[in-house]
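Written below as structure tokens is the structure these notes are about.
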Amino acid sequence: MTTSTSGNTPGTSPAPGAATERQIAEADTYSAHNYHPLPVVIAEGEGAWVTDVEGKRYVDMLAGYSALNFGHAHPRLIAAAKEQLGRVTLTSRAFHHDRFARFCAELAQLCGMEMVLPMNTGAEAVETAVKTARKWGYKVKGVPDGRAKIIVADGNFHGRTTTIISFSTDPEARADFGPYTPGFQVVPYGDLAALEAAVDDDTVAVLLEPIQGEAGVLVPPPGYLAGVRRITAERGVLFIADEIQSGLGRTGRTFACEHEDVVPDMYVLGKALGGGVVPVSAVVSSREVLGVFRPGEHGSTFGGNPLACAVGLEVLAMLRTGEYQRRAAELGEHLHRELGSLLAAGALTQVRGRGLWAGLDIPAERGTARTVAEALLPRGVLAKDTHVSTLRLAPPLVISKDDLDWSLDRLREVLTAG
Ligand SMILES: *Cc1c(COP(=O)(O)O)cnc(C)c1O
């Protein structure tokens, strides 16, 4: 479909057009300022490319924080959604519907697990994981009522609800939103000794991202995930892997835990599970763990709805081919080789990541990562900073090698100009 440079004249249109300015001004007036978007107003998307309201095209190197692993408007996902739109979209869980059982069965199979509890957003799935672990702690492990403790890592990002931000270590995410939910202990990410020391008789779970996305694509030291698995198994504690961003192909495997041959007790999934079409999230675990729920104890009006399940089923069918994981591994190797050469040339201070996922630390003399993202924008590349100095790259797994190279050329221009 797309050739890399068609429709783009790199570097020639730095000023946003009138339509862009009007829409941004209206958004500034009528929407809460809980985001600081780049000054681009997207109107269409296909594959790795989006088109703005001025008709200018960009490669999407963020891919909705990995919610768009299969790119924009993947024909298989759009077809599945359209087919379901013509049948039934919502029943509530008050009734069964004919997409639900298959979706849960196939998701459990992909995960090598036994049961699924579907929700909508990632934060809801993390909340569900927290509630599940606590209930399992009281009902199965025998922790005294009200004492359940969950160990988490510093720098974590698990979502934005009041309970989840209660155990965030990011002041921006947390300040002014208290009082905070108790029952969590924070230990340094990557530090096995600290984690082992924090486990006590009331500990029901360790909740971790196998690679910390929002923290800047931080890959833990080799052996860390395997060590967490060993400690949690020995102490009768659930290992909950939040694979909302790292899972479903991004790192070159279905799950990031696979890189250390680790199987957690529970996966928390979201983002790409909805194919970039609808929000779909889930907790996936064993019968011993998810079997603790009784009717009325947890739920969601939209969780596991027919449209979500139909799109989710297509996502699962696509993942079963292994094609996207393979692309992420192969293109990821290429991406990290290219970034390695920028690092060697001194254009970056650090590069981290796995598969088609990278966190790039920008040298201070180049400004902030935001400055770099703003310089990439008129050149036709969409990327996003995280914290001050890290640029995150997570292109759709469907991106062509040519489009990836074209984007990396634009990045090289920005990082080596002047
Ligand atoms: C995005 C994300 C979440 C939250 O998902 P939402 O759908 O935004 O609520 C939770 N955990 C991780 C690791 C994420 O990347």
Side-chain angles (χ1 to χ4, degrees), residues 32 34-35 37 62-69 117-133 150 152-170 172-174 177 181 184 186 189-190 205-220 225 228 239-251 254-257 259 264 266-284 300 302-305 308 311-312 315 352-359 384-387 390 392-394 396:
N34 57 325
Y35 280 93
L62 177 65
Y65 307 94
S66 290
L68 289 156
N69 276 3
L117 201 169
M119 298 293 282
N120 310 284
T121 64
E124 285 176 304
V126 173
E127 286 278 346
T128 301
V130 166
K131 288 173 74 176
T132 306
I150 296 176
V152 298
D154 66 356
N156 71 72
F157 182 86
H158 297 287
R160 300 295 198 168
T161 66
T162 36
T163 284
I164 293 171
I165 58 98
S166 292
F167 56 84
S168 170
T169 56
D170 178 356
E172 265 185 350
R174 201 167 187 276
F177 297 126
T181 307
F184 300 92
V186 181
Y189 188 62
V206 173
L207 167 63
L208 291 175
E209 299 155 82
I211 294 177
Q212 287 191 328
E214 299 303 304
V217 195
L218 301 189
V219 181
L225 298 176
V228 173
F239 179 5
I240 305 175
D242 179 347
E243 293 247 21
I244 290 171
Q245 193 165 159
S246 59
L248 309 185
R250 173 56 56 191
T251 67
T254 304
F255 301 106
C257 283
H259 292 281
M266 189 190 294
Y267 289 110
V268 187
L269 303 175
K271 292 202 166 103
L273 190 57
V277 179
V278 279
V280 185
S281 68
V283 162
V284 190
S300 160
F302 290 94
N305 70 72
V311 173
V315 165
R352 298 170 299 273
R354 209 159 232 169
L356 217 37
W357 199 17
K384 181 73 174 73
D385 52 296
T386 177
H387 301 293
T390 302
R392 170 204 346 230
L393 298 181

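One-based numbering, in listed order, for ligands and for the atoms of each.
- In this structure T128 satisfies the side-chain contact (heavy atoms from CB on, under 4.5 Å) test together with L117, M119, T132, V283, H298, sequence neighbours excluded.
- The side-chain contact (heavy atoms from CB on, under 4.5 Å) search around A153 returns Y189, L208, Q212, not counting sequence neighbours.
- Listed as neighbours of ligand 1 are T121, G122, A123, F157, H158, G159, E209, D242, I244, Q245, K271, each bearing a heavy atom under 4.0 Å from the ligand.
- L62 pairs by the side-chain contact (heavy atoms from CB on, under 4.5 Å) definition with D60, Y65, K384, R392, not counting sequence neighbours.
- The CG atom of N156 sits 11.0 Å away from the CD1 atom of I165 when rounded to the nearest 0.5 Å.
- You'll find the side chain of I211 reaches within 4.5 Å of the side chain of T251, heavy atoms only.
- Rounded to the nearest 0.5 angstrom, L269 CG and I244 CD1 are separated by 7.5 Å.
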